[in-house]
Amino acid sequence: MARPVPLIAGNWKMNGLTASTRSLASELATRVRSDRDLGFEMLICPPFTMLSTAAELVRDCALKLGAQDCHTASSGAHTGDISPAMLRDVGCEYVILGHSERRTDHGETCALVRAKTRAALDAGLKVIVCVGETEAQRDAGETLRVVADQVTGSLPEGVTAETLVVAYEPVWAIGTGRTPTTAEVAEVHAALRQTLGTILGTGAAEGVRLLYGGSVKPDNARELLALDNVNGALVGGASLKVDDFWAIASAV
Ligand code: PGA
């Protein structure tokens with residue numbers, strides 16, 4: 001199977017007011033529109049409150065829109081929650097699920113991430129399911145087991161390569177300026193590909209995009225994105241600066 005088109009995804013986290021959203025989304029949209037041979041797919045995931053603003057700015061443009069979480073139900077009595085149907089309605093194509101900050105801050109288990117993934121796929125969204133070990137787990141030599149368990153536990157039956165993206169984000173690398181070595185990233189991504197092979201079949205697993213995330217910056221993007229089995233990046237802090245985010249994407 002041909003190497004999938006790399007995905008460069010920006011996870012804005014709890015950042016973005018109206019003015020900054022307008023300037024960041026419109027500048028990225030302008031660059032995407034003017035690049036005839038975009039060798040990558042670019043995605044921004046603003047907070048819920050800014051999705052509608054961003055949707056207007058990326059309309060008729062290859063710049064994609066995504067959210068950072070969703071509920072398992074399509075509507076109902078769930079105060080404060082946002083459903084996959086609402087995300088589709090506002091213009092989202094993607095949703096990030098199971099980010100380590102959700103797993104930690106909100107106690108999200110693999111079972112809940114699996115239910116959210118099922119609901120998001122049923123609503124017609126593509127999912128970016130996040131996995132990654134803590135520093136203690138890495139030090140204990142448990143990395144490969146932890147990420148395999150998270151992938152297996154977080155994916156529902158019937159996922160397909162077209163709608164599934166998996167992001168490997170070591171918890172200790174998120175927002176810290178530290179990254180694993182390229183050999184360590186390559187090892188985990190190869191293992192993830194193998195695990196996906198047992199779930200989807202080897203051929204289909206080749207088509208799933210595997211993103212690396214955790215302190216991706218313009219100066220380390222090239223070596224990370226060049227690795228086998230790394231099909232893009234999930235970028236936090238650096239996705240809030242237009243030149244940095246564009247530089248990371250251009251490193252593809
Ligand atoms: P970071 O965050 O790039 O700021 O490390 C990545 C993420 O949490 O998705």
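As the structure is a prediction and not an experimental result, all values here were calculated from the model. Just so you know, ligand 1 is whichever comes first in the structure, and atom 1 is the first atom listed for that ligand. What's counted below: heavy atoms across the whole structure, side chains too, no hydrogens, waters or symmetry copies.
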*Check I174 against ligand 1 and report side chain, backbone, both or neither, counting heavy atoms closer than 4.0 Å.*
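Contact part for I174 vs ligand 1: both backbone and side chain.
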Return the residue, atom name and 0.1 Å-rounded distance of the protein heavy atom closest to [atom].
atom                   : answer
atom 3 (O) of ligand 1 : G236 N, 2.8 Å
atom 7 (C) of ligand 1 : E169 OE2, 3.1 Å
atom 4 (O) of ligand 1 : G237 N, 2.9 Å

_side chain to side chain donor-acceptor pair (under 3.5 Å) between Y94 and Q68, worked out_ = CA-CA 9 Å; Y94 285 88; Q68 302 169 20; over 6 Å; no
*asked:* I need the W172 CH2 to S215 OG distance, nearest 0.5 Å.
replied: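 W172 atom CH2 to S215 atom OG measures 9.0 Å (nearest 0.5 Å).
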Run the contact test for [X] against ligand 1 with a 4.0 Å cut-off on heavy atoms, strictly below, and give the result.
X    : answer
A238 : no
G213 : no
K217 : no

Output yes when [X] and [Y] qualify as a salt bridge under the 4.0 Å nitrogen-oxygen rule, no when they do not.
X    : Y    : result
K64  : E93  : yes
E162 : K126 : no
K116 : D69  : yes
D149 : R145 : yes
E27  : K241 : no

Pull out every atom of ligand 1 sitting under 4.0 Å from any heavy atom of [X], numbered as shown with elements.
X    : value
S215 : 1 (P), 3 (O), 5 (O)
G175 : 1 (P), 4 (O), 5 (O)
G214 : 5 (O)
H99  : 7 (C), 8 (O), 9 (O)

_Neighbour count above 12 (heavy atom, 6.0 Å) for R31 CZ_ =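 Counting other residues, nucleotides and ligands, CZ of R31 exceeds 12 neighbours.
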*Test of proximity, T176 against ligand 1: N or O pairs below 3.5 Å*: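 No; the residue has no nitrogen or oxygen that sits under 3.5 Å from a nitrogen or oxygen of the ligand.
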